Amino acid sequence: MLNIVLFGPPGAGKGTQSERLRDKYGLVHISTGDVFRGLNPNSELGKLAKSFADKGDLVPDDITIAILESEVQKFPNAKGVIYDGFPRTTAQAQALDDFLSSKNTAVSMMLSLVVDEVELKTRLSKRASKAGRPDDADPEIIQNRINNYNEKTAPVAQYYDRQNKLIEIDGEGSIDGITDRLFVAIDNQNSEK
Ligand code: AMP
């Protein structure tokens, strides 16, 4: 199975690029952010997730891990999965390793999109007007998401680096250019096997 963790700060372009990787390699795309936004807003779980997401805080690990696992279980015949926005803590990364190993598979690689913080903020405020996401509209919430990324999520890259699975990709420039760099990285990694 090709299990790709597509990693990067909020606004790095994970969603856009995930769709392109999904189409090219025939993978399932799982975005925990999309799953949370898709929950019934009147359900207990939906209300809980929204209470964290609206502030730019991370949803607690136990809830997020359970949601992710049940999402993966929906695609028993997938030839691979793109994990977009998960894992965001080292506890989630550990849980993903355990979960995949129980299925006799593993994370193949982490592709980490590297984008400067000023550029991220510009992209997020542009997305706010287009995608109608309240967490993109408020500069304080954006800053909180970036701070959470730096404190809690950035260490996840080191977690995969220790497993020799981290590949950094320049996430600036044209969208097509970034896609090409991702394709090259995946093809190189696959041909080494
Ligand atoms: P995203 O669409 O990836 O930017 O996620 C939107 C929001 O959903 C985040 O700001 C978090 O509140 C929540 N979220 C998404 N994925 C995770 C995760 N792996 N761990 C914790 N919270 C998450």
Side-chain angles (χ1 to χ4, degrees), residues 3-22 27-41 43-74 81-100 107 110-115 117 119-160 171 178 182:
N3 293 305
I4 298 176
V5 173
L6 189 57
F7 189 74
K14 300 187 291 293
T16 305
Q17 297 296 342
S18 289
E19 289 174 8
R20 293 171 169 216
L21 301 187
R22 174 197 66 198
L27 308 172
V28 170
H29 169 208
I30 297 180
S31 151
T32 40
D34 285 348
V35 175
F36 287 136
R37 279 184 291 276
L39 292 172
N40 177 345
S43 68
E44 285 310 309
L45 194 55
K47 280 188 223 160
L48 189 72
K50 197 170 162 15
S51 71
F52 289 96
D54 281 356
K55 287 186 276 178
D57 286 333
L58 294 182
V59 177
D61 282 337
D62 51 349
I63 298 173
T64 306
I65 291 164
I67 285 269
L68 183 276
E69 292 185 358
S70 77
E71 202 60 27
V72 176
Q73 308 280 25
K74 291 182 187 165
V81 176
I82 305 165
Y83 295 89
D84 162 8
F86 184 96
R88 262 174 153 103
T89 62
T90 45
Q92 291 179 15
Q94 183 65 61
L96 181 62
D97 273 356
D98 294 346
F99 177 67
L100 292 180
V107 168
M110 169 191 263
L111 300 171
S112 171
L113 294 170
V114 180
V115 181
E117 197 168 307
E119 166 77 11
L120 290 176
K121 288 179 182 162
T122 314
R123 289 189 194 175
L124 286 170
S125 29
K126 274 195 201 144
R127 185 169 78 183
S129 48
K130 273 197 255 156
R133 279 182 56 170
D135 58 340
D136 286 341
D138 180 330
E140 267 182 41
I141 297 175
I142 291 178
Q143 190 60 54
N144 189 35
R145 287 162 67 202
I146 292 176
N147 293 349
N148 276 322
Y149 175 82
N150 289 334
E151 282 163 31
K152 297 177 185 151
T153 306
V156 178
Q158 282 120 52
Y159 178 93
Y160 288 103
I178 300 166
L182 289 167

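These values consider heavy atoms only, across backbone and side chains, with no hydrogens, waters or symmetry-generated copies. Whatever order the structure lists them in is the order used to number ligands and atoms, beginning at 1. Counting begins at 1 with the first residue of the sequence. Please read these numbers as outputs of a predicted model, since none were measured by experiment.
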If we number the atoms of ligand 1 from 1 as shown, the ones under 4.0 Å from a heavy atom of Ala53 are 7 (C), 12 (O)
For the residue pair Leu48 and Leu39, establish whether any side-chain heavy-atom pair is separated by less than 4.5 Å. no
For [atom], state which one of [options] supplies the nearest heavy atom.
{"atom": "atom 14 (N) of ligand 1", "options": "Phe52, Phe36, Tyr83", "value": "Phe36"}
{"atom": "atom 12 (O) of ligand 1", "options": "Asp57, Thr64, Thr32, Val59", "value": "Asp57"}
{"atom": "atom 17 (C) of ligand 1", "options": "Arg37, Arg88, Lys50", "value": "Arg88"}

Do ligand 1 and Gln92 have nitrogen or oxygen atoms that lie under 3.5 Å from each other? yes
Taking both backbone and side-chain atoms of Gly56, is any N or O found less than 3.5 Å from an N or O belonging to ligand 1? no
Show the numbers, then the answer: is there a side chain to side chain donor-acceptor pair (under 3.5 Å) between Asn147 and Gln143? CA-CA 6 Å; Asn147 293 349; Gln143 190 60 54; 3.0 Å; yes
Run Tyr159 and Asp97 through side-chain contact (heavy atoms from CB on, under 4.5 Å) and show every step you take. CA-CA 11 Å; Tyr159 178 93; Asp97 273 356; 2.6 Å; yes
Counting only heavy atoms closer than 4.0 Å, does ligand 1 sit against the backbone of Arg145, its side chain, both, or neither? side chain
Between the CD atom in Gln17 and the CD1 atom in Ile4, the distance rounded to the nearest 0.5 Å is 12.0 Å
Are the side chain of Lys50 and the backbone of Pro41 linked by a donor-acceptor contact shorter than 3.5 Å? no
So, the side chain of Arg88 versus the backbone of Lys152: is there a donor-acceptor pair under 3.5 Å, distance only? no
So which heavy atom in the protein is nearest atom 4 (O) of ligand 1, and how far is it from that ligand atom? Arg133 NH2, 3.1 Å
